[in-house]
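Shown next, in structure tokens, is the structure this report addresses.
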Number of protein chains: 2
Amino acid sequence: MARTKEFNEDKVLDKAVEIFWHKGYNGTSAQDLVTHLGLSRSSLYDTFGDKQKLFVTALKRYQKQGQDAVIKLLEESEDVKEAFTQIFKQAVLESLEDRITKGCFMVNSSVELAMHDEEIAKIVSDNRQTMEDVFLKAVKKGQEAGQISTKLDALTLARFVFNNYSGIRVLARAGEKNKQVYDDILKAMFILF
Amino acid sequence: MARTKEFNEDKVLDKAVEIFWHKGYNGTSAQDLVTHLGLSRSSLYDTFGDKQKLFVTALKRYQKQGQDAVIKLLEESEDVKEAFTQIFKQAVLESLEDRITKGCFMVNSSVELAMHDEEIAKIVSDNRQTMEDVFLKAVKKGQEAGQISTKLDALTLARFVFNNYSGIRVLARAGEKNKQVYDDILKAMFILF
DNA sequence: AAAAATACGGAACAATCGTTCCCGAATTAA
DNA sequence: TTAATTCGGGAACGATTGTTCCGTATTTTT
């Protein structure tokens with residue numbers, strides 16, 4: 001008995017991810033959202049609550065999509081080391097191509113908001129733990145298959161890899177476009193594989 | 001023939017560094033500045049221009065102090081590898097002690113502002129280049145002295161080290177307090193020395 | 001002692017912030 | 001067709017934003 005929505009909720013959320021990712025929480029105004037999401041103020045608030053709730057929804061959406069992609073790549077791959085290489089080369093490619101250098105939405109939010117907002121802090125913390133678990137599992141698998149060196153224990157290597165991933169994303173956000181810089185980092189990192 | 005300032009400009013700038021470092025640019029209001037810097041609105045604007053200018057001044061101040069400290073440590077040290085160890089252990093210590101987890105002002109600003117503000121982008125970019133140069137020089141020295149492995153060329157290692165430094169600062173900003181996480185990262189990283 | 005110059009506190013500014021509300025339009029169920 | 005419901009556009013809200021300006025206090029120079 002009601003009028004149908006004129007917008008697709010999923011598509012609007014995708015756009016919300018894009019704009020918050022690009023401009024951050026404080027850098028994005030309600031007007032920005034109305035303009036770029038393509039719906040009215042009232043619909044925005046009726047559908048997604050307030051700005052804070054929309055941001056959290058967007059960040060969780062980004063997190064899930066990113067995690068799923070990584071998990072899929074690592075679990076389906078025959079050669080774990082090769083899968084890691086692919087993940088990092090992809091990150092570098094995005095950094096170099098990305099005309100508006102968005103970096104990583106999770107890293108950005110972590111730096112901007114984690115210390116001022118408990119809910120964001122929990123999302124960031126959970127994300128790190130999940131990624132650590134995913135990497136750990138993959139590294140173990142790779143070590144058992146003889147694809148990854150056992151010089152370092154799996155957890156140490158997993159944490160180390162995640163740290164370099166964060167670093168690369170910061171570089172990207174800062175607009176670094178020199179491929180050699182990224183390649184050097186990866187070259188060094190992969191020696192420990 | 002004029003009245004004397006009731007505040008010490010250097011001390012006020014130190015406080016400005018603290019507050020911008022802690023809350024970021026967008027997160028710090030003019031009222032925050034007036035309240036915490038301990039001077040009036042008019043004095044603030046008369047002395048430092050506007051918010052943007054004060055922020056840039058604060059960030060440059062932080063940059064200079066940080067760079068000087070690192071340069072001094074690396075140049076004065078007999079054992080470069082030991083100096084690097086000290087720099088990173090200090091960063092970890094700060095991350096663990098830091099009750100309000102400020103991370104690194106340069107990394108924070110890079111993520112929050114670099115892509116939206118050319119002047120900040122240049123500061124961040126210059127900082128990276130300078131740090132790369134400093135690290136490079138130190139690594140070369142260490143390699144020549146037989147303190148650092150020559151398995152990797154100096155520039156590659158310098159970039160790799162800087163990347164891990166960024167990563168650790170993001171971890172700190174996110175409030176990570178598990179020492180083992182940092183230690184694992186350092187353990188892996190230093191293998192390449 | 002008078003004049004010049006600057007610092008200071010605080011009121012006030014316009015602009016923008018996130019948010020709410022109202023109302024006509026549109027859609028569906030009865 | 002009517003009633004119920006939800007849509008979307010836009011006006012409007014109070015609060016806060018960064019910034020300016022004015023009057024007074026204070027200090028230094030002549």
Side-chain angles (χ1 to χ4, degrees), chain A residues 1-60 105 108-109 112-113 116-120, chain B residues 1-60 105 108-109 112-113 116-120:
Chain A
M1 8 173 167
R3 185 174 165 180
T4 51
K5 282 184 199 292
E6 289 186 8
F7 57 88
N8 178 302
E9 208 166 309
D10 273 347
K11 288 188 179 177
V12 167
L13 278 178
D14 282 337
K15 285 185 189 169
V17 169
E18 287 295 315
I19 189 169
F20 278 131
W21 187 358
H22 176 46
K23 297 186 148 199
Y25 180 82
N26 286 310
T28 304
S29 70
Q31 187 53 49
D32 284 334
L33 293 170
V34 169
T35 302
H36 294 102
L37 301 189
L39 42 68
S40 68
R41 269 180 151 65
S42 43
S43 300
L44 202 168
Y45 278 85
D46 284 349
T47 310
F48 302 105
D50 56 17
K51 186 183 169 186
Q52 156 82 14
K53 279 180 191 156
L54 176 58
F55 184 88
V56 168
T57 305
L59 183 58
K60 284 183 177 169
F105 190 18
N108 299 352
S109 302
E112 184 188 4
L113 305 167
H116 303 292
D117 185 312
E118 277 196 32
E119 190 172 8
I120 303 290
Chain B
M1 10 177 169
R3 184 173 167 182
T4 51
K5 282 184 199 294
E6 289 184 9
F7 58 89
N8 178 303
E9 211 166 306
D10 273 347
K11 288 188 178 175
V12 167
L13 278 178
D14 281 337
K15 284 184 190 169
V17 169
E18 286 295 316
I19 189 170
F20 278 131
W21 186 358
H22 176 46
K23 297 184 149 201
Y25 181 82
N26 286 310
T28 304
S29 69
Q31 187 54 47
D32 284 334
L33 292 169
V34 169
T35 303
H36 293 102
L37 302 188
L39 43 68
S40 69
R41 271 180 149 66
S42 45
S43 300
L44 202 169
Y45 278 83
D46 285 348
T47 310
F48 302 104
D50 56 17
K51 186 185 169 186
Q52 157 84 11
K53 280 179 190 156
L54 177 57
F55 184 88
V56 168
T57 306
L59 183 57
K60 284 183 177 169
F105 191 16
N108 299 352
S109 303
E112 184 188 4
L113 305 168
H116 303 292
D117 185 312
E118 276 196 30
E119 189 171 8
I120 303 291

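As a basis for the values below, the full set of heavy atoms in this structure was taken, side chains included, without hydrogen atoms, waters or symmetry mates. Within every chain, numbering begins at 1; the chains are lettered A, B, ... in the order of the sequence lines, protein sequences first and strands thereafter.
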From CG (A:Asp117) to OG (A:Ser109), nearest 0.5 Å: 10.0 Å
Donor-acceptor contact present, side-chain B:His22 to main-chain B:Thr28, <3.5 Å: no
Atom-pair distance (CZ on A:Phe7; P on C:dA26), nearest Å: 17 Å
Nearest-angstrom distance from the residue atom CD of A:Gln31 to C1' of D:dA12: 14 Å
Whole-Å distance separating the CG atom of B:Leu33 from the P atom of D:dT16: 17 Å
Near-strand residues of residues 34-56 of chain B, defined as heavy-atom separation under 4.0 angstrom from DNA chain C: B:Ser40, B:Arg41, B:Ser42, B:Ser43
Under 3.5 Å donor-acceptor pairs involving side-chain atoms of residues 14-21 of chain B, not counting sequence neighbours:
| residue | atom | partner | partner atom | Å |
| --- | --- | --- | --- | --- |
| B:Asp14 | OD1 | B:Arg61 | NE | 2.9 |
| B:Asp14 | OD1 | B:Arg61 | NH2 | 3.1 |
| B:Trp21 | NE1 | B:Lys102 | O | 3.1 |
| B:Trp21 | NE1 | B:Gly103 | O | 3.2 |

From CG (A:Leu54) to CG (A:Leu13), nearest 0.5 Å: 6.5 Å
Salt bridge (charged side-chain N to carboxylate O under 4.0 Å, His left out) contacts touching residues 23-34 of chain A (sequence neighbours left out): A:Lys23-A:Asp32
